[in-house]
Amino acid sequence: MSTSTDNNASITQESGPSAAVQDIQKKIVVRTADGEVFNLKEEVAMEIDIIKTFFQEDSISYETVMPLPNVEGWEMVKVIEYCTKHVELKHKVDGYKERKAFQALFVQNLSTKSLLALTNTANYLEVKYLLDFLCQAVSEQIKNKDVDYVRELFGVENDFNDEEYEQVKAEAPWAHENLNNDLH
Amino acid sequence: MEVGEELKQPKWKRSVPKRISSSKSSSSLSCLINNLDDGCLMHIFSFLSPIPDRYNTALVCHRWLFLACHPRLWLRVEQSIKDPLEPGVFPSIETAVAAARPGDTILISAGGRHLASDIQIKKPLCLIGGGELPDETTLICSRGADSALEFLSTCKLANLTVKAELGSCLLHRSGRLTIDGCVLQCETNPLDFLSVPIVSTASAQTVLSSSVKCLKDGVSVSRTRIEGGAKAVSTSGYLTLQRVRVIYARTSLVFWFDMEQQ
């Protein structure tokens with residue numbers, strides 16, 4: 001990466017987007033399940049492994065619009081938002097606080113249902129760091145909650161009968177008895 | 001994905017995310033969490049501490065029970081580490097115990113000898129041998145140590161061999177210790193009276209209010225071969241042997257007994 005500001009030919013992150021730079025950067029086009037079309041900057045698109053594989057490994061021309069039948073438009077917006085931020089923070093030396101603040105904001109207004117849909121999408125699109133973050137966010141919703149609350153929150157039906165339930169509980173007496181003594 | 005291959009329970013396939021219509025209802029919500037494939041759900045569970053959270057998720061439904069208790073979430077002790085960056089794999093029992101969270105299960109690889117000398121376990125853990133028979137996973141306690149494992153917490157051992165060259169195999173201080181399907185070996189003709197496979201110094205029951213579930217300190221042994229030692233068990237506290245059953249096989253004795261306060 002060139003540090004000289006006189007050299008217009010080199011494209012550096014620090015120089016900031018200018019019209020000339022954006023023309024040179026390739027765009028990748030995807031279409032989501034609801035028909036929405038997105039133009040992605042190449043570097044952001046390559047963060048999404050499924051897109052990367054499609055174009056790079058299969059050598060498909062960038063002219064092709066990649067269909068994403070399992071992704072909704074709003075989900076794509078969120079994924080692009082996260083990946084763009086990630087690429088931006090990659091070049092920053094001390095981006096930790098900024099990343100944390102961004103992450104908090106990212107999930108702030110997401111309902112449980114949206115969070116789960118987004119997790120599924122991140123899994124499908126294969127964006128590892130986004131998936132890690134979202135899985136952790138879901139686990140935060142489960143932490144320190146009892147079984148009924150968790151079932152209620154995620155809408156999961158209890159398919160244990162009473163006998164089986166007691167049996168599962170009893171199978172790990174070594175794990176849950178005497179908890180108050182054991183957890184320091 | 002190798003999830004579910006070794007286990008005889010119904011296999012869960014990797015699911016392609018289904019498109020849910022935009023009308024909200026709790027049934028569509030349940031489709032969403034259960035649409036996540038096994039790997040994804042296990043990844044979510046891996047962020048939860050085993051006690052109490054992962055244990056709670058295991059009680060939600062059959063599928064969650066299967067995934068929350070899956071060996072992929074266990075810590076492993078391997079003699080030779082192929083990939084040092086792989087999380088959850090440790091070179092020794094001590095490092096695994098130190099890194100484990102309360103309620104974790106540690107799988108100790110079969111083959112080879114694992115050193116275990118005076119390892120103190122102060123949190124609820126489960127240690128399981130990775131072989132088919134307990135004889136395949138051996139923990140060796142060398143001469144200088146008092147015992148291989150010292151328990152100050154409710155724990156479980158299964159499918160392991162613990163061999164003490166001098167001294168005892170297991171030292172039980174407090175909590176409920178469960179030993180299932182193991183082999184405990186001591187020096188055959190010990191001079192030292194402390195060469196006993198199981199030593200328990202647990203004393204009086206801890207006093208707790210009636211609203212809190214509590215289990216008395218004790219040891220529960222089943223299907224375990226005990227060999228060598230001056231005697232099988234030594235208690236210097238208030239626990240006594242109860243419900244002892246022994247099977248005399250040709251070369252060894254297999255025990256079932258409990259040690260509890262009367």
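Below, chains carry the letters A, B, ... as their sequence lines are ordered, and counting in each starts from 1.
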- Message: Taking ring pair (Phe, Tyr, Trp, His ring centres under 6.0 Å) as the definition, give me every residue that meets it alongside B:F45, ordered by chain and number, with sequence neighbours left out.
- Response: B:W64
- Where does A:D132 contact chain B at under 4.5 Å (heavy atoms): side chain, backbone, both or neither? both
- Salt bridge check: are B:R176 and B:E260 linked by an N-O gap of less than 4.0 Å? yes
- Message: Any salt bridge linking B:R243 with B:D258? Criterion: basic side-chain nitrogen under 4.0 Å from a carboxylate oxygen.
- Response: yes
- Item | Heavy-atom contact with chain B under 4.5 Å, split by part of A:E164 | side chain
- With a 3.5 Å cut-off and no angle check, do the side chains of B:D217 and B:H172 form a donor-acceptor pair? no
- Task: Find the one option among B:L48, B:T57, B:L41 whose heavy-atom pairs under 4.5 Å with chain A are most numerous.
- Result: B:L48
